[in-house]
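As a basis for the values below, the full set of heavy atoms in this structure was taken, side chains included, without hydrogen atoms, waters or symmetry mates.
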Amino acid sequence: MRPTTYYFVTFFIILLCCCCSSCFGRKHSHHKTRRHAKKHAVPPQKQLLNVEHFGAKADGKSDNSQVYIYIYIYIYIYIYFLELAFKKAWDKACSNSSASANILVPQGKTYYVKHINFTGPCKSAISLEIQGTIKSFPQMYDIPRRLWILFEDVRNMNVFGGGTIDGNGQIWWENSCKIKKTKALTFKNCTNLTLSNLKLLNAQQMHVNFQDCNSVVASKLLVVAPEESPNTDGIHVTRTSNINILESEIRTGDDCISIVNGSRNVEVRNIVCGPGHGISIGSLGEDNTENYVSNILVKGAILTGTTNGVRIKTWQGGSGIARNIVFEDILMRNVHNPILINQYYCDKNKKCDKEKSAVQVENVIYRNIKGTSASKVAINLNCSESVPCKNLQLQNVMLTAQQKGEKLKASCSHLALQTTNLNSFPSCS
């Protein structure tokens, strides 16, 4: 077997940025500045751009506005070559015919990228070791397909390294538009994928998106964005099978984990969630669509200060089935709506019309769930009048009020077939 091949992103950055820097040196400075550019061919983490090197004059007469245009051009050309460096490293690794290829993003450096696509299929397994930081620009710009970093059609890939992926999303949050969600890190149509030991910060909107994937392990992730940041879901799973989300901490402004249409055989274990909107199945059935999710296990989670605990949400008018779902061994701390099924979900500016059809919710178990509720209604099973929930079980669910002296209650409507409460409080009467 041929030895593992290592490709270093740094090598291409040195080669390409050297060309970029030398071109600007010839145009805007004298011989001394050219030597300076050569010496610093690889920009440091915080690159100093002296406006006088670009022709600015502090003589009280000259108009220096053109100088700032030069600087912007410099930055954008630098980013272009940086993205090209990442892409060349990927293409080299992807075309490698040995057993595996490694790409390294070095420690202690920050690499700005506007957007980048890593596409397969590849000839070998690939490991991407992110030790440094990959960061987006702090400004609005067009992102193709609204996917900032995309891995597509790749098999046998391992992404890890202890580094950071930073969406730099403040300006995006200020201009947030729900119908145009931008995903920071997307894996599309990937198989045998491992994502581990990374920090994901301040996504433009969604942090991690698994779409049309199979056989995935995501573990030891730290996902963080401000509580008030809109639509910054931590981990989003759609049309993905056989995925394990393990031992991760998620603190964002939206769902810690959202599992939507086409997902099955999903295990979520040992998750710390909050602040955020909790752990959600759905939403399902929007715009009268037919949606399916099945075989979902959420086990060993701690939720603190979230607006929801464990939630199933569906739109009126949809169809399909959400079945075989287990929420187990979960601790709630000051959580609003700790247990919630909402089959009348409506996230629009106008009132949603009443519909006769709905996604069927069936075979759902809530087991060993304890802690404190910040809302008086700790258990709210608001099932569809036309398509009632089937076979719900509450086993050893014990919730108390966060505020001393307050009495909790359960609200349960339109339940059918063997809905049981075993050693649980509050309970459906």
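Using a distance-only test at 3.5 Å, with no hydrogens or angles considered, no donor-acceptor pair links the side chain of T306 to the main chain of L303. Within the 3.5 Å criterion, the main-chain N or O of F137 finds no donor-acceptor partner in the side chain of K114. Listed for the W173 side chain is no donor-acceptor partner under 3.5 Å among the backbone atoms of P226. Judged purely by atom type and a 3.5 angstrom limit, S263 has no side-chain atom pairing as donor or acceptor with the backbone of I259. No donor-acceptor pair under 3.5 Å is formed between the side chain of S98 and the backbone N or O of N96.
Other residues, nucleotides and ligands contribute only 12 or fewer heavy atoms inside 6.0 Å of the NZ atom of K220. Counting non-hydrogen atoms of neighbouring residues, nucleotides and ligands closer than 6.0 angstrom, the CD atom of E406 exceeds 12 such neighbours.
Side chains of L392 and L381 form a contact here, defined as non-hydrogen atoms less than 4.5 Å apart. Proximity of N382 to I341: side-chain heavy atoms (C-beta onward) are nowhere separated by under 4.5 Å. Using a 4.5 Å heavy-atom threshold, the side chains of F160 and E129 count as touching. Counting heavy atoms from C-beta on, the side chains of L399 and L408 come closer than 4.5 Å. Residues T252 and H277 are not in side-chain contact: their nearest non-hydrogen atoms beyond the backbone lie 4.5 Å or more apart. Here the side chains of I379 and V397 are in contact, with some heavy-atom distance below 4.5 Å. With a 4.5 Å cut-off on side-chain heavy atoms, K87 and D91 count as touching. At a threshold of 4.5 Å between non-hydrogen side-chain atoms, the residues N380 and I339 do not count as touching.
The heavy-atom pair separating G282 from S258 by the smallest distance is O-CB, 4.2 Å. Closest non-hydrogen pair, Q316 versus E355, comes out as OE1-N, 3.0 Å. The two residues N291 and V359 come nearest to each other via the heavy atoms O-CG1, 4.4 Å. Between T372 and Q402, the shortest heavy-atom distance links the atoms OG1-OE1, 2.7 Å. Residues G167 and S136 approach most closely at O-CB, 3.4 Å, considering heavy atoms.
Relative ring orientation between Y111 and F86 is described as perpendicular, the plane-to-plane angle rising above 60° on a 0-90° scale split at 30° and 60°.
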Considering only distance and modelled atom types, tabulate donor-acceptor pairs under 3.5 Å from the side chains of residues 329-338, sequence neighbours left out.
unit_1 : atom_1 : unit_2 : atom_2 : d
D329   : OD1    : N368   : ND2    : 3.1
D329   : OD2    : K299   : NZ     : 2.6
N337   : ND2    : T307   : O      : 3.2
N337   : ND2    : N308   : OD1    : 3.3

Solution key, residues 149-158 side-chain donor-acceptor pairs under 3.5 Å, sequence neighbours excluded:
unit_1 : atom_1 : unit_2 : atom_2 : d
E152   : OE1    : R145   : NH2    : 3.2
D153   : OD1    : N189   : ND2    : 2.5
N156   : OD1    : N192   : ND2    : 3.0

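Partner F118 forms a ring pair (Phe, Tyr, Trp, His ring centres under 6.0 Å) with one of W90, F187, W148 and no other, that one being W90. When each of I243, L200, I250 is checked for a side chain to side chain contact (heavy atoms under 4.5 Å, CB included) with I235, only I250 meets the rule.
Ion pairing of D212 with K188 is absent here, as no side-chain N (NZ or NE/NH1/NH2) approaches a carboxylate O to less than 4.0 Å. Under 4.0 Å is where a charged nitrogen must lie from a carboxylate oxygen, and between D233 and K183 no such pair does. E385 has no carboxylate O lying under 4.0 Å from a charged side-chain N of K356, or vice versa, which leaves the two without a salt bridge.
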inquiry  = Please determine whether disulfide bond (SG atoms under 2.5 Å apart) holds for the pair C213 and C190, giving the CA-CA distance in whole Å, both sets of side-chain angles, and the decisive distance to 0.1 Å.
reply    = CA-CA 5 Å; C213 294; C190 294; 4.7 Å; no
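The distance from the OG atom of S100 to the NZ atom of K123 is 15.5 Å, given to the nearest 0.5 Å. Put simply, OG on S424 and OH on Y366 are 12.0 Å apart, with the number rounded to the nearest 0.5 Å. Note that CD1 of I257 is 4.5 Å distant from CD1 of I245, once rounded to the nearest 0.5 Å.
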